[in-house]
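In what follows, every heavy atom counts, from backbone to side chain, and hydrogens, waters and symmetry copies are set aside. Order of the sequence lines fixes the chain letters, A, B, ..., with proteins taken first and strands second; residue numbering starts at 1 for each chain.
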Number of protein chains: 2
Amino acid sequence: MRSVMVQIPNTPTSADVARLAGVSRATVSYVLNNTSAVRISEPTRRRVHEAARELGYVPHAAARSLRAGHSRMVLMPAPAVPVGPLYSRFLDELQQALGHLDYTVVQYGTVGLHGDEAARAWAELRPVAVLVPGAELGPRGVAVLKRSGARAVVTLGPVRVDGAHALLMDHDAVGRCAGAHLHAAGRRRIGVVVPKEPGLEAYSRPRLAGVREAVHGTDAAVTELPLAYTEQAAAQLAARCRELNLDAVFAYNDEYAMLLMRALQDEGLRIPEDMAVIGADDLMLGRLLRPRLSTVHIELPSGHDLAELVDRAVRDPGGEPEVHAVLGASVIRRESS
Amino acid sequence: MRSVMVQIPNTPTSADVARLAGVSRATVSYVLNNTSAVRISEPTRRRVHEAARELGYVPHAAARSLRAGHSRMVLMPAPAVPVGPLYSRFLDELQQALGHLDYTVVQYGTVGLHGDEAARAWAELRPVAVLVPGAELGPRGVAVLKRSGARAVVTLGPVRVDGAHALLMDHDAVGRCAGAHLHAAGRRRIGVVVPKEPGLEAYSRPRLAGVREAVHGTDAAVTELPLAYTEQAAAQLAARCRELNLDAVFAYNDEYAMLLMRALQDEGLRIPEDMAVIGADDLMLGRLLRPRLSTVHIELPSGHDLAELVDRAVRDPGGEPEVHAVLGASVIRRESS
DNA sequence: TTGAAAGCGGTACCAC
DNA sequence: GTGGTACCGCTTTCAA
């Protein structure tokens with residue numbers, strides 16, 4: 001009796017390739033990895049390649065790295081908040097550079113996990129390096145990752161974390177720049193916008209603190225201005241600014257600055273005569289506003305440099321953690337201040 | 001002779017935990033996975049947990065999924081171009097929802113890889129599902145992924161791909177909306193901005209085509225207007241718009257609209273009297289412009305719905321590919337058109 | 001030049 | 001209740 005079976009296309013393994021090519025699994029591995037320590041005859045190579053192509057063979061990364069005892073995966077938590085063009089470009093450059101060094105960048109969708117929970121989840125993937133923006137990771141998280149074989153842990157954030165390399169992106173500097181600029185321009189009653197949107201505190205608190213530092217010991221006063229990203233909230237805040245008799249506002253970034261500037265103008269305040277406004281991030285939109293928006297230009301590290309730091313750290317896991325201050329901030333004065 | 005050795009902290013395995021707890025690896029597995037088919041005494045459970053905690057044990061995801069023959073990983077290519085707030089929110093919601101269904105979302109940094117190359121790289125990770133925005137993936141790529149065990153492949157883009165589920169996000173509709181609106185408003189010489197920035201063609205071409213469709217068979221003429229995202233380019237384009245005697249522009253999206261609107265105003269054109277301008281994406285900034293920017297509001301599918309589609313597909317891999325048209329587009333008329 | 005086999009870390013079946 | 005053990009797919013000695 002002839003039995004016709006529907007062939008369920010099981011994912012082909014190297015054993016299948018070996019069978020089809022009439023060789024051993026070892027040979028398949030040698031051929032497909034171009035192992036230089038071993039010479040395989042040209043006919044055999046061809047047969048193996050042919051078989052692999054025919055079956056649509058794709059090696060199993062997990063099996064490979066399990067056997068190898070390590071991977072080339074660089075893990076980053078996927079950003080939860082919409083990320084600006086600045087940071088996007090930085091990320092892209094970083095991925096490019098790491099890819100060039102033969103690493104694979106993977107952004108892990110860390111959903112509800114926080115702190116050490118998250119670190120544990122990341123550690124399960126046994127990445128060779130972990131890059132963590134923000135201040136999500138503590139020393140214990142770093143320890144977990146290192147114990148699980150991460151040869152480099154790099155934080156990109158406001159503070160250094162024990163045991164990890166650090167790219168110090170101190171947003172204080174942004175606030176200091178803005179504060180110093182406004183003070184030098186003769187402003188003395190300075191408001192600082194602090195977004196109400198969650199997830200931005202890591203940046204907004206230091207920026208506020210920076211302004212405070214900049215005018216510390218002078219006769220200038222700093223007022224914290226919480227603001228949700230809506231027109232209505234902006235209108236209310238504009239009215240409040242007038243009541244408070246402020247003469248300057250550092251608006252967190254250019255987007256919030258645009259929002260607030262519009263509201264201030266609608267409130268009848270002249271910019272910059274009655275009220276100086278300065279943003280941050282040097283986005284294109286600031287140049288398009290009227291008056292043109294002054295801003296704090298932020299210089300992020302080159303993705304290329306970070307990639308090389310990662311590579312160094314991976315090659316020499318015992319080395320002292322490197323700490324680099326990498327956030328350049330400088331005022332671009334336009335017309336609004 | 002007493003030998004003092006520096007204990008190199010090798011990553012602890014379940015065998016280490018077993019040793020320390022004085023039980024077998026099997027027992028460790030049972031305890032840590034809460035295997036219900038097997039009863040383990042309370043004291044033993046405690047000892048195992050204790051040992052795991054003490055060693056900082058973290059299970060090895062690769063080993064686990066190798067044994068299991070599958071993972072819960074949903075893979076997406078990491079977006080290469082800076083992605084707007086709309087899409088960011090969608091992504092975030094999607095990750096949330098998938099996480100809730102116990103999937104792990106991983107964005108793979110696909111650098112220089114294209115088409116089938118990329119599909120192969122993704123397939124190496126043996127994800128249970130693959131979500132691909134844009135038009136990067138062809139039928140062959142889909143086949144590669146499926147052969148490697150992906151139980152669901154979903155494309156989010158302008159066209160359906162053979163073998164994959166599709167969330168049709170037909171940006172033609174955006175252009176059609178804009179075109180119909182401008183035509184209804186009496187405009188007949190319509191320019192359509194097409195960004196020169198690479199990576200945006202997947203959206204800009206259909207949007208342009210949509211405008212053409214909308215006015216097809218009428219007396220309106222459509223002019224393609226390539227534009228780089230710089231002030232200078234915008235100024236030149238504004239001058240050209242005047243020469244061409246256009247009476248309306250669909251500016252690709254709100255950001256390009258803002259750029260061009262500024263340039264048109266600087267060129268002395270009145271909006272909307274001399275020139276109607278409409279953007280797309282319904283960003284906040286459009287509301288803040290003067291005149292307020294008309295725009296095409298885009299409704300993306302809910303991340304929740306997509307997550308459920310993925311889950312359905314994973315549970316029933318043999319099912320017919322689902323195809324949903326999911327992009328809602330509607331004009332929000334403000335003052336600029 | 002090629003093949004047999006051990007072993008990476010976990011899980012789950014089958015005995016005891 | 002708990003332990004022994006085979007096995008997932010791949011790489012890499014070691015022998016032939």
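Distance CG (L125(B)) to C1' (dC8(D)): 17 Å, rounded to an integer number of Å. Computed from coordinates, the N34(A) CG to dT11(D) C1' distance equals 15 Å when rounded to whole Å. Atom pair R46(B):CZ and dG1(D):C1' shows a separation of 16 Å (rounding to whole Å applied). Computed from coordinates, the R47(B) CZ to dG3(D) C1' distance equals 13 Å when rounded to whole Å. For R19(B) and dG3(D), the CZ to C1' distance is 15 Å, given to the nearest whole Å. Atom CZ in R39(A) sits roughly 17 Å away from atom P in dG3(C) (whole-Å rounding).
Surrounding CZ of R160(B) are more than 12 heavy atoms belonging to other residues, nucleotides or ligands, all under 6.0 Å away. Within a 6.0 Å sphere centred on CD of E117(A), other residues, nucleotides and ligands contribute 12 heavy atoms or fewer. Within a 6.0 Å radius of CG in D162(A), other residues, nucleotides and ligands contribute 12 heavy atoms or fewer. Counting heavy-atom neighbours within 6.0 Å of R72(B) CZ, excluding the residue itself, gives a total above 12.
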Q. What does nucleotides 10-16 of chain C look like as a protein-contact string, B for base, S for sugar-phosphate only, - for none, at under 4.0 angstrom between heavy atoms?
A. BBBB---
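For the helix from dT1(C)-dA16(D) to dC16(C)-dG1(D), the angle separating the two terminal helix axes comes to 50°, with each axis derived from five pairs and the value rounded to 10°.
Remark: the backbone N or O of L113(B) is not paired with any side-chain donor or acceptor of T110(B) at under 3.5 angstrom. The closest donor-acceptor contact from the side chain of R47(B) to the backbone of A21(B) lies under 3.5 Å. Remark: side-chain polar atoms of H304(A) are not paired, donor with acceptor, to backbone N or O of A97(A) under 3.5 angstrom.
OP1 or OP2 of dT2(D) has at least one side-chain nitrogen or oxygen of S41(B) nearer than 4.0 Å. Note on T44(A): every side-chain N or O is 4.0 Å or more away from OP1 and OP2 of dT1(C).
No hydrogens or angles considered: nothing links the side chains of N10(A) and R147(B) as a donor-acceptor pair under 3.5 Å.
What you find for W122(B) and P127(B) is that their closest heavy atoms are O-CD, 3.4 Å.
Nearest-nucleotide positions on DNA chain C place V23(A) closer to the 5' end than the other of L66(B) and V23(A).
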